[in-house]
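So the structure is just underneath, and the comments pick up after that.
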Amino acid sequence: MAEDAILGYLAAAEEIPDSGQFASQHGLQHSEVVNVIKSLHGFRYIDAQDIKRESWVLTDEGKKYAAEGSPEVQLFLAVPQEGSISKDELQKKLQPSVFKIGCSQAGKNKWVDMGKQVSRKVQHVEDKVKDLLIRVQNGEEIGKDDVHSLKARKLIVAQTWKGYSVRKGPNYAPKRKKVATDLTRENLQRGDWKELEFKEYNFNAKGPPSESGHLHPLLKVKQQFKNIFVQMGFEEMPTNNFVESSFWNFDALFQPQQHPARDSHDTFFLEAPSTTRELPEDYVELVKRVHESGGYGSRGYMYDWKREEANKNLLRTHTTAVSTRMLYALAKQPFAPKRYFSIDRVFRNESVDRTHLAEFHQIEGLVCDRGLNLGDLIGVLDDFFSRLGMSKLRFKPAYNPYTEPSMEIFSYHEGLKKWVEIGNSGMFRPEMLLPMGFPEDVRVIAWGLSLERPTMILYGIDNIRDLFGHKVDLSLIKRNPICRIGLN
Ligand code: FB9
């Protein structure tokens, strides 16, 4: 219909200057003409150029006055030719908005005398506003000042009309040739494939969206970290137990029982099962002793260590609890150097804000070997973070109950143009390692960071709720790019 009209018209004419006029001249919907133009343009039957036209359209209020007359005229007509009418009377005769606007406009036009009593000051008035609105409605031009005053009264608004001017295209034909998109058995049998014109291959056409599963950004970044650890010869520790005993999460790490992190303000303790079933008794005895009176050159914390405190079950506050278990197990065997890592959830009863939830994923690495020192720690941190594209590191002395010395790790982030705290680290205390049974000269260097922070920075997410939790918008999961960490 519209297609034949357009192709037919161009058979005789050079161009269709304005698709809008063409549509109204051919009694066609402009929207339909536009769709056909886009399609014919796609197949290069025609060449279409955008044309834009600014026009004015009436607002709903404008339409109302065009139909019922402007409020000032409605008010004027409601005032008796002779004598006067009380303002209240007048108000009853008109709609509230008409009365309000009518008063101010008729007053401004000095048509009426607005007192307690309202009376006419002129015999006759023209409803210029209504006339102007009707002319705009009919698409007629009106004067600049009139446009300005109607716009000021929010009776008209600007509207951009978009259309096309059309000329013949390279593949122009008065009728669209049916282009074959398939060479079928029938074509071959009928032999009519010789006449057929085949559609060009559109190598840029997007294939049908493949509905498949998508990895959460956190899992993509987690995989990148795992690859780096494995490349550096680290073995993953089993972290499949969110519930831990205070013993492995705190006591075995030489963290004193009155340490603030051990109260329910920071830690989620379990109601059921509230206490752990079993602990290695001889080792517990050694941990009790080192807390109470030290040993191994330490004077300990000199307090009464309580077994029931160590028995309390909690949601682990760090994956260092897993490191403790693995190091204890390692100390049972004839000593061999070991590199371990873990990446899994930890839970902290912290105040929730833009970057903190009650749970996050901790990444931890440790190296256990004879004679290791702080230099070895800095070395392995340089190696680890350089593989993440973070080469310039700075270290700030810090404190952890289970490491001495301890260091916060900072890296200069080119993108953010600032030094970012990228983790914490230290050397596990002898009060932690020797009760496990490690030889004197065995040292363990370790460090930790979160998975959420690097993921937020890499994916440009500034609020952790957009990354993790029930408020995450699934499309983020669907359309997030691959993780290019360390792959610059
Ligand atoms: O992840 C952290 N920051 C970070 C890491 C990477 C990163 O990459 C970007 C692509 C460039 C950006 C930022 N932090 C650790 C530093 C801060 O965010 C800090 O404010 C918050 N920390 C968490 C704990 O919050 C209470 C991050 C989390 C953290 C902190 C310490 C450890 C683990 C996680 C640890 C440890 C440790 C120390 C010694 C021995 C063993 C483990």
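Both counts, for ligands and for their atoms, begin at 1 and track the order of listing. What you see is a predicted model, and the numbers here were worked out from it, not measured in a lab.
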Just distance, no hydrogens or angles: give the donor-acceptor pairs under 3.5 Å from side chains in residues 405-426, sequence neighbours left out.
from	atom 1	to	atom 2	distance (Å)
S406	OG	T403	O	2.8
S406	OG	T403	OG1	2.5
E408	OE1	K396	NZ	3.4
H413	ND1	G415	N	3.2
H413	ND1	L416	N	3.0
K417	NZ	E414	O	2.8
N424	OD1	N400	ND2	2.8
S425	OG	M407	O	3.0

Exercise for the section: Measure S406 to ligand 1 on non-hydrogen atoms and call it side chain, backbone, both or neither using the 4.0 Å cut-off. Expected result: neither
Handout entry: Proximity of L449 to ligand 1 by residue part, where a heavy atom lies under 4.0 Å
Key = both
Which atoms of ligand 1 have any heavy atom of [X] under 4.0 Å away?
{"X": "S425", "value": "38 (C), 39 (C)"}
{"X": "H413", "value": "11 (C)"}
{"X": "I457", "value": "9 (C), 12 (C)"}
{"X": "R453", "value": "1 (O), 2 (C), 3 (N), 4 (C), 13 (C), 18 (O)"}
{"X": "M390", "value": "8 (O), 11 (C)"}
{"X": "A446", "value": "40 (C), 41 (C)"}
{"X": "R348", "value": "24 (C), 25 (O), 26 (C)"}

Side-chain ([X]) to main-chain ([Y]) donor-acceptor, under 3.5 angstrom:
{"X": "R348", "Y": "T317", "answer": "yes"}
{"X": "E452", "Y": "H361", "answer": "yes"}
{"X": "R443", "Y": "E440", "answer": "yes"}
{"X": "S298", "Y": "G295", "answer": "no"}

Problem - Distance-only N or O hit between ligand 1 and T320, under 3.5 Å - result: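 There is no such contact.
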Practice task
Looking only at distances, please establish whether an N/O atom of ligand 1 is found under 3.5 Å from an N/O atom of Q362.
Solution key: no
Exercise for the section: Answer yes or no for E452: is there a heavy-atom contact with ligand 1 below 4.0 Å? Expected result: no
Practice task
Measure from NZ or CZ of R345 to the centre of the six-membered ring of F242 and say whether it is under 6.0 Å with the direction within 45° of the ring axis.
Solution key: no
Completion exercise
Heavy-atom closest pair (D462 atom, D466 atom, distance to 0.1 Å) is OD1-OD2, 4.4 Å
Exercise for the section: Check side chain to side chain contact (heavy atoms under 4.5 Å, CB included) between E54 and all other residues, then give those that pass, not counting sequence neighbours. Expected result: T160
